[in-house]
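Within every chain, numbering begins at 1; the chains are lettered A, B, ... in the order of the sequence lines, protein sequences first and strands thereafter.
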Amino acid sequence: MHEMGIAMQVAEIATASIPDNMKDVRVEKVNLKVGRLAAVVPASLRFCFEIITKDTALSGAELHIEEIPVVARCRECDTEWTIAGPVFTCERCKSGSVEILSGQELNIESIEIADE
Amino acid sequence: MFYPVFPARMLYKRKIQFMAGPESDLLPQLILPDGVCNPVRNVCKPLPAVKTYGCQVAKNSERKIEMEIKVVRKVLDVNDTMAAQNRKMFAEKNIFVLNVMSSPGSGKTTILEKTLARAEIKSAVIVGDICTTNDADRLAGTGVPVVQVNTDEFGGDCHLAAHVIGNAAANLDLDAIDLLIVENVGNLVCPAEFDIGEDARVVVLSVTEGEDKPLKYPLMFRVCNAALLNKTDLLPYLDYDKEMAVRYIHQIQPEMPVFEVSAKTEEGFDPWLEWLRNCVRQKLVKQNAN
Ligand SMILES: Nc1nc2c(ncn2[C@@H]2O[C@H](COP(=O)(O)OP(=O)(O)OP(=O)(O)O)[C@@H](O)[C@H]2O)c(=O)[nH]1
Ligand SMILES: [Mg+2]
Ligand SMILES: [Zn+2]
């Protein structure tokens, strides 16, 4: 629901990551990692990104989103598994003492620049 | 707390793109250094342009040099930094901060009105709303200092961001309070994503909303420390399965305390108030020990 705010942050970080001596380059791609638990809808994030980067250094850049599954580990029996539905109890021993290892990411990983 | 801040790192990685001609014999040479190239990316790339990473150069192929700049930053970095600042400021002032979240209309303001009137804790409230000062007016009726904030600033009106809380807190006399309550914008999705520098989070769920809310909004129930099941006075008129709702909450967050309350009749308020007083007390003890 706050995709516009997130798109603005992404654009800001990506723009700041362009090295000073390369300010005229074209950014081809911005690579993001988004956890399945991050409450972000990829399609609307891409849409917002496209709108706000219009006529900027990021104009036309593709927002590449890698979705990260929710992986949990049981603190009791050490089982690790991928959570597919909204059940946060251990698959094996049913313990509720569960640690989330991945799935809450909202990271900008890299930008790709065309060096023409 | 939920988003440790990573330093912005910059690494340069050369990436060589083959403008592939008919030399499909290039394919076996592809090197995929770990962590740099994931298979999905290659699948997405339309053929015949084949991309590879690393410094393999194929003979006689026309090539174009590109760069991939590693950034590795949390998108909510700015918010997290502000939240850490807030947390430090509140710790210095010995204030316990509670972030109250729920879907619209589940009874946050009513619960807080009753809570503030009975808790006997020196408190203040920051209340976020898209429009109107209705909630602030109601809460001010309890005699505690109230700051109303609007939420347009962060490019969305769906949650309170850390810098908004920082600015709002500047309007309060922080030396005079032990508890700061933040009534977040009515929304079960976005506020769960934004650390505001709070010590604890509670989610309010009312019995008119359906039992399966926790399953539909798991993140909210994962990040909260306690849940209030509100409007229990309406249970006789509904087919609501209270036990099932609690079971669903525990499916998402097995050790979560659930307080069944009615903000209207104040039934069930004692355990909730006790929990809250305990939180405030523990923070004071911890601070004084430091
Ligand atoms: N019957 C009953 N009604 C309640 C109870 N708690 C709140 N209400 C009613 O529910 C409606 C919404 O309550 P609010 O306290 O304004 O809810 P809120 O969560 O603050 O709403 P927003 O700030 O707009 O998201 C009001 O009409 C309240 O009178 C309750 O325990 N029982
Ligand atoms: Mg309210
Ligand atoms: Zn287990």
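Ranked by non-hydrogen atom pairs under 4.5 Å with chain B, the options A/Val87, A/Val10, A/Ile100 are led by A/Val87. Per-residue heavy-atom pair counts under 4.5 Å with chain B were compared for A/Val30, A/Ile13, A/Thr89, and the maximum is reached by A/Ile13.
Under a 4.0 Å N-O distance rule, the pair A/Arg73/A/Glu99 qualifies as a salt bridge.
For a residue to count as touching a neighbouring chain, one of its non-hydrogen atoms must lie under 4.5 Å from one of that chain's; by this rule A/Leu32 touches chain B with the side chain only. With a 4.5 Å cut-off on non-hydrogen atoms, A/Ala38 touches chain B through its backbone and its side chain both. In this structure, the portion of B/Glu255 lying under 4.5 Å from any heavy atom of chain A is its side chain and not its backbone.
Judged purely by atom type and a 3.5 angstrom limit, A/Arg46 uses its side chain to pair as donor or acceptor with the backbone of A/Leu63.
In this structure, B/Gln251 places its CD atom where more than 12 heavy-atom neighbours from other residues, nucleotides or ligands lie under 6.0 Å away.
Between the side chains of A/Glu66 and A/Asn31, no donor N or O sits under 3.5 Å from an acceptor N or O.
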Note to self: I'd like to know whether A/Arg26 forms a side-chain contact (heavy atoms from CB on, under 4.5 Å) with A/Ile113, so could you lay out the CA-CA distance, the side-chain angles of the two residues, the decisive distance to 0.1 Å, and finally the verdict.
What the structure shows: CA-CA 6 Å; A/Arg26 193 166 53 81; A/Ile113 283 173; over 6 Å; no
